[in-house]
Amino acid sequence: MTRPWRWLAGLAAGAAVYIGLPYLLVQRGGLGVITRGDPAGRQVALTFDDGPDPRSTPLVLDTLRAAGVQATFFILPVLARQHPELLRRLLDEGHEVLPHAHRHRHAWTLLPWTAFRDPGLATREVEELTGMRPRFQRPPHGAYSLATVLGQRAAGVTGIHWTVEARDWAADATPDTVRAAVQRQVTPGGIIVLHDAGPGARTTPAALPGILADLHRREFEVVPLRDLRGARPGTLRDVWRTLRGR
């Protein structure tokens, strides 16, 4: 093998270890992260990413308060510092506040050292803002590199993924398509991901009343992650079952 081909082969092998394996085992298979709770119960966890945003987060909070529902918000500390009144409202109304990221960037676009440090930075920032040590973290886009996995371990947090993605951020999304996607995908023990800021905020506030009504009609108990029974990190056996579609 000539030197350029050896270099390309080495690069491909490195990418497979750094990105490919975490994508397959963690992001797709759920290894070491929490993707759901007890499938034999009637609970579902409701989570929101990317906030807080003064244009959309209050609309989400108004709907949750009217329904008597508490949820989990994965926040960006830089936004929470800009809007302390929204962070205070999240805490005062009993919602769970957890770190999303220090920098909202896809893990694959970050330099390894930056990707490694991000979970720890975000976790410490949220602890400073809330006075509570976070147990969980969800990276932007639910994306992992090897550095992300190691960074979460170093920070002492467990990754959170989801079972229901309504694609509220998609360009063609509408409140009706978001509501229908949740209704179609949700099962007992599921974790729903929506957005109270960013592109998803264009549709989620309007879709949320219908989503909560559907869940209530189907007799689901909507809870934050801290109250989701049976939630545990996935094992290799879980990965095997997931990738086999079982």
Side-chain angles (χ1 to χ4, degrees), residues 19-50 69-75 95-101 106-108 115 118-119 122-123 134-153 155-170 178 181-196 200 204 211 214-215 218 220-246:
I19 292 176
L21 284 178
Y23 171 76
L24 182 66
L25 297 179
V26 180
Q27 192 169 335
R28 290 283 307 279
L31 180 63
V33 301
I34 294 173
T35 60
R36 66 175 310 113
D38 183 4
R42 296 300 299 174
Q43 287 186 322
V44 293
L46 181 60
T47 70
F48 296 88
D49 290 1
D50 292 358
V69 168
Q70 293 176 334
T72 297
F73 288 78
F74 288 93
I75 68 166
H95 300 290
E96 184 176 27
V97 176
L98 295 173
H100 193 30
H106 195 290
W108 300 354
D118 197 276
T123 297
R135 297 168 51 205
F136 308 119
Q137 185 246 349
R138 174 184 287 154
H141 310 285
Y144 286 83
S145 66
L146 181 59
T148 310
V149 174
L150 296 176
Q152 285 184 336
R153 286 182 174 271
V157 291
T158 300
I160 298 292
H161 209 60
W162 55 76
T163 56
V164 179
E165 183 178 22
R167 292 176 57 86
D168 53 352
W169 42 263
V178 171
V182 174
Q183 176 79 347
R184 183 174 62 253
Q185 297 176 44
V186 70
T187 57
I191 297 175
I192 302 167
V193 58
L194 295 168
H195 297 80
D196 65 307
T204 285
I211 290 171
D214 292 338
L215 294 172
R218 294 176 62 181
F220 282 112
E221 178 190 4
V222 183
V223 298
L225 284 166
R226 63 179 178 234
D227 297 330
L228 184 63
R229 292 188 292 270
R232 60 170 178 78
T235 65
L236 283 173
R237 179 177 294 182
D238 296 322
V239 172
W240 177 246
R241 290 174 176 170
T242 298
L243 295 180
R244 291 182 64 192
R246 294 177 58 185

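Just so you know, these numbers use all the heavy atoms, side chains as well, and skip hydrogens, waters and symmetry mates.
Panel note: side chain H100, backbone R138; a donor-acceptor pair is recorded below 3.5 Å. A distance-only check finds a donor-acceptor pair linking the side chain of E96 to the backbone of R226 [under 3.5 Å]. Of the possible polar contacts, one joining the H95 side chain to the A71 backbone as a donor-acceptor pair under 3.5 Å is found. The backbone N or O of G37 sits nowhere less than 3.5 Å from a side-chain atom of Q43 that would complete a donor-acceptor pair. Here the side chain of T72 pairs no donor or acceptor atom with the backbone of P224 at under 3.5 angstrom.
Remark: of the listed residues V44, T35, L225, L225 is the sole one forming a side-chain contact (heavy atoms from CB on, under 4.5 Å) with I191. Of the listed residues (V149, V239, L146), just one forms a side-chain contact (heavy atoms from CB on, under 4.5 Å) with V26, and that residue is V149.
Across G159 and Y144, no two heavy atoms sit closer than the pair CA-OH, 3.4 Å. Nearest heavy-atom pair, A181 versus A166, reported as atom, atom and distance to 0.1 Å: CB-CA, 3.8 Å. Nearest heavy-atom pair, T163 versus Q185, reported as atom, atom and distance to 0.1 Å: O-OE1, 3.8 Å. The two residues A107 and A143 have their closest heavy-atom pair at CB-O, 3.6 Å. Closest of all the heavy-atom pairs between T242 and G29 is OG1-O, 3.9 Å. Pairing each heavy atom of G41 with each of P188, the nearest pair is O-CB, 3.0 Å.
Within the 4.5 Å cutoff, no side-chain heavy atoms of E221 are placed close to those of D227. Residues I160 and F74 form a side-chain contact, since some pair of their non-hydrogen atoms from C-beta on lies under 4.5 Å apart. Under the 4.5 Å side-chain criterion, counting only non-hydrogen atoms from C-beta, L98 is not in contact with T47. Between T187 and R36, the closest side-chain pair of non-hydrogen atoms falls below 4.5 Å.
Between Y23 and W108, the two ring planes are perpendicular [angle over 60°; tilted spans 30° to 60°].
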Inset, instruction - Report the C-alpha distance between W169 and D50 in whole Å, list the side-chain angles of each, state the deciding distance to 0.1 Å, and finish with yes or no for side chain to side chain contact (heavy atoms under 4.5 Å, CB included). - result: CA-CA 11 Å; W169 42 263; D50 292 358; over 6 Å; no
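If you take CG on L46 and CD1 on I211, they are separated by 8.0 Å, rounding to the nearest 0.5 Å. We find the CG-CG distance between L194 and D49 to be 9.0 Å, quoted to the nearest 0.5 Å. Rounding to the nearest 0.5 Å gives a distance of 10.0 Å between CG of L24 and CG of L31. Between the CG atom in L228 and the CD1 atom in I34 there is a gap of 8.0 Å [rounded to 0.5 Å]. Going from atom CD of Q27 over to atom NE2 of H141 covers 10.5 Å, rounded to the nearest 0.5 Å. The CD atom of Q152 sits 10.0 Å away from atom CG of D118, with the distance rounded to the nearest 0.5 Å.
Counting non-hydrogen atoms of other residues, nucleotides and ligands closer than 6.0 Å to CZ of R28 gives a total of 12 or fewer.
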